Asker: 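Would you mind keeping the following structure in view while I ask a few things?
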Number of protein chains: 2
Amino acid sequence: MKIRPSRPGRKARVKPRLDRSQIVQAALDLLDDVGFDALTMRNLAKKLGVKAASLYWHVHNKQDLLSLLADEICASMREPDRTLPWRRQLEELGNEYRHVLLAHRDAARVLAESGAPSGPHRLRLTEILFRTLLDAGFNHKDAAYAGFLVSDYVTMFVLDETQDVNTDAADASKDQSSDLQTWFKALPAHEYPSLIALADYLTAPNADERFRFGIEILENGLETRLERQ
Amino acid sequence: MKIRPSRPGRKARVKPRLDRSQIVQAALDLLDDVGFDALTMRNLAKKLGVKAASLYWHVHNKQDLLSLLADEICASMREPDRTLPWRRQLEELGNEYRHVLLAHRDAARVLAESGAPSGPHRLRLTEILFRTLLDAGFNHKDAAYAGFLVSDYVTMFVLDETQDVNTDAADASKDQSSDLQTWFKALPAHEYPSLIALADYLTAPNADERFRFGIEILENGLETRLERQ
DNA sequence: ACCTGAACACCGTTCAAGT
DNA sequence: ACCTGAACACCGTTCAAGT
């Protein structure tokens, strides 16, 4: 198994020569370790034992890196069984995408800031989504719009699902009242009756249940649209 | 009309003394002028003829400023006629909120990064939204989840409605092919048939129409849910 | 071809000091 | 009470120079 073409001098592995995919992998590790805000070109370079400027030989800029990173994150996405009814397929797609976004720290933020899909994995993901909608019988325009809708829903959902954690933690640490539920109920009852009435579900939402709710609404809405089409 | 209590010395207006609402107003102007990325504490201070450190006397940090700014942006929100059927009210609410977000440059980004609503205007806005859903007959949990859904939809929609412009402009200026439609159609036809089929609607979406589509889907979905409740 | 040194033009935030 | 000077600890990016 000793296939190592590059001359294996004594310290061959000390300078493994940078490489796009190596950079992306390191960025993903760094993301999981320190989160999106600390994912900087300089920290990434440090992790790779290199100077920040070196990265720019392999990557146009940070935007480019984020785009590559977003694609890498989507690499583990598995596609649903195409023989299932479209609603089931959409559910699988939604669940799978959500789990992909939950698999790495701040992944939703990476996806949100990485621009339109251009890498193979994200293109594949959107292809499957649109294909499912076309298979279901939507016309081109509706399929396109519905695809945006579903994919935006999942991204947005995970986005605030994961930054509620941050906010909660922040509030808990710096505010004396760690319960923002009590904060809610302390609002002027005359001005915000509905807010107060709903406080229980606004503050401690069951994420899985709430996600499921949104998917159901979207599916019901799409089905109605399909029937009337 | 000469009511000016503070002693009107020769250069009285040279140092009008900073003020929270004055800072927020200046931040809003700056946002419209230079956009979210250039809305920095230092630039804001410069605009106010003051040093950056001074701002921290009136505002906890940038996060706090963004929160105040978000509330200011929502100040112009008008509430729909409560006697309308709930679907019409929801439409009005959606349209109005979208227009509020389109009224200032990058307003959706400000809202997205400003955390949960805490100012009076945003609280009022969410109160109205939840009230509408409760009036419609949803139970507490469904009303709460549906409120998130609708408000997230609008924010997300405007978010990429407005950054498509940026991306398009960027592509148009630096790419030789200003049409990403041609880019889409140049994809491997065997791998991405649906993407290519839908290219027309993916690249040049009619924003108003697409927004309307999403609202319709949500309303239909919610109606179905309400009937089965 | 690939990496570094060194700089450029910025950030948000703090805090002792001034008035 | 309110503002400034000056610093701290960072950013992304460029580019001549090294190997």
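This structure is a prediction, so every number in the text was calculated from the model and none was measured. Lettering of chains follows the sequences in order, A, B, ..., and the numbering in each one begins at 1.
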Asker: Rounded off to whole Å, could you give me the CD-to-C1' distance for the Gln22(A) and dC3(C) pair?
Answerer: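 It is 14 Å, rounded to the nearest whole Å.
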
Asker: Which residues pass the side chain to side chain donor-acceptor pair (under 3.5 Å) test with His140(B), not counting sequence neighbours?
Answerer: none

Asker: Taking only residues two or more places apart in sequence, or in another chain, which ones meet His58(A) in a side chain to side chain donor-acceptor pair (under 3.5 Å)?
Answerer: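 Listed in chain order: nothing, the list is empty.
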
Asker: Tell me which residues in residues 51-60 of chain A put a heavy atom below 4.0 Å from DNA chain C, sorted by number, or none.
Answerer: Lys51(A), Ala53(A), Ser54(A), Trp57(A), His58(A)

Asker: Under the salt bridge (Lys or Arg N to Asp or Glu O under 4.0 Å) rule, collect the residues that match up with Glu209(B), sequence neighbours excluded.
Answerer: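 Expected list: Lys141(A).
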
Asker: Pairs under 3.5 angstrom, nitrogen or oxygen only, protein versus nucleotides 8-11 of chain D, please.
Answerer:
unit_1	atom_1	unit_2	atom_2	d
dC11(D)	OP1	Thr40(A)	OG1	3.3
dC11(D)	OP1	Asn43(A)	ND2	3.3

Asker: Start with the C-alpha gap between Asp37(B) and Arg109(B), add the side-chain angles, then the distance that decides, and say whether salt bridge (Lys or Arg N to Asp or Glu O under 4.0 Å) holds.
Answerer: CA-CA 10 Å; Asp37(B) 290 323; Arg109(B) 280 177 72 186; 2.8 Å; yes

Asker: Taking side chain to side chain donor-acceptor pair (under 3.5 Å) as the definition, give me every residue that meets it alongside Lys47(B), ordered by chain and number, with sequence neighbours left out.
Answerer: none

Asker: Can you name the residues that form a side chain to side chain donor-acceptor pair (under 3.5 Å) with Asp29(A), not counting sequence neighbours?
Answerer: none

Asker: Wobble G-U and Watson-Crick pairs count when both distances are under 3.5 Å; given that, what is the 5' to 3' dot-bracket string of DNA chain C, with | for pairing to other strands?
Answerer: ||.|||||...|||||.||

Asker: Using atom CG of Leu44(A) as one end and atom P of dG12(D) as the other, report the distance to the nearest whole Å.
Answerer: 10 Å

Asker: My understanding is that only residues two or more places apart in sequence, or in another chain, count here; which of them pass ring pair (Phe, Tyr, Trp, His ring centres under 6.0 Å) with Tyr145(A)?
Answerer: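 In terms of ring pair (Phe, Tyr, Trp, His ring centres under 6.0 Å), with neighbours along the sequence ignored, Tyr145(A) is linked to Phe213(B).
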
Asker: Expressed as a whole number of angstroms, how long is the span from Leu48(A):CG to dT4(C):P?
Answerer: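 It works out to 11 Å between those atoms.
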
Asker: Return the value, rounded to whole Å, for the distance between atom CG of Leu18(B) and atom P of dT19(C).
Answerer: 19 Å

Asker: In Å, rounded to the nearest 0.5 Å, how long is the span from OH of Tyr201(B) to CZ of Phe148(A)?
Answerer: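 CZ of Phe148(A) is found 13.0 Å from OH of Tyr201(B).
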
Asker: Please tabulate, for the side chains in residues 66-75 of chain B, all donor-acceptor contacts under 3.5 angstrom to protein atoms that are two or more places apart in sequence or on a different chain.
Answerer:
unit_1	atom_1	unit_2	atom_2	d
Asp71(B)	OD1	His121(B)	N	3.2
Asp71(B)	OD1	Arg122(B)	N	2.8
Asp71(B)	OD2	His121(B)	N	3.2
Asp71(B)	OD2	His121(B)	ND1	3.1

Asker: With C1' as the reference atom in both, quote the distance from dC2(C) to dA16(D) in angstrom, rounded to an integer.
Answerer: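 Taking atom C1' in both dC2(C) and dA16(D), they lie 15 Å apart.
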
Asker: Mind checking salt bridge (Lys or Arg N to Asp or Glu O under 4.0 Å) for Asp64(B) and listing every partner two or more places apart, or none if nothing turns up?
Answerer: none

Asker: Taking side-chain contact (heavy atoms from CB on, under 4.5 Å) as the test, write out the residues that go with Glu96(A), two or more places apart.
Answerer: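 Glu96(A): side-chain contact (heavy atoms from CB on, under 4.5 Å) contacts with Met77(A), Arg78(A), Val100(A).
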
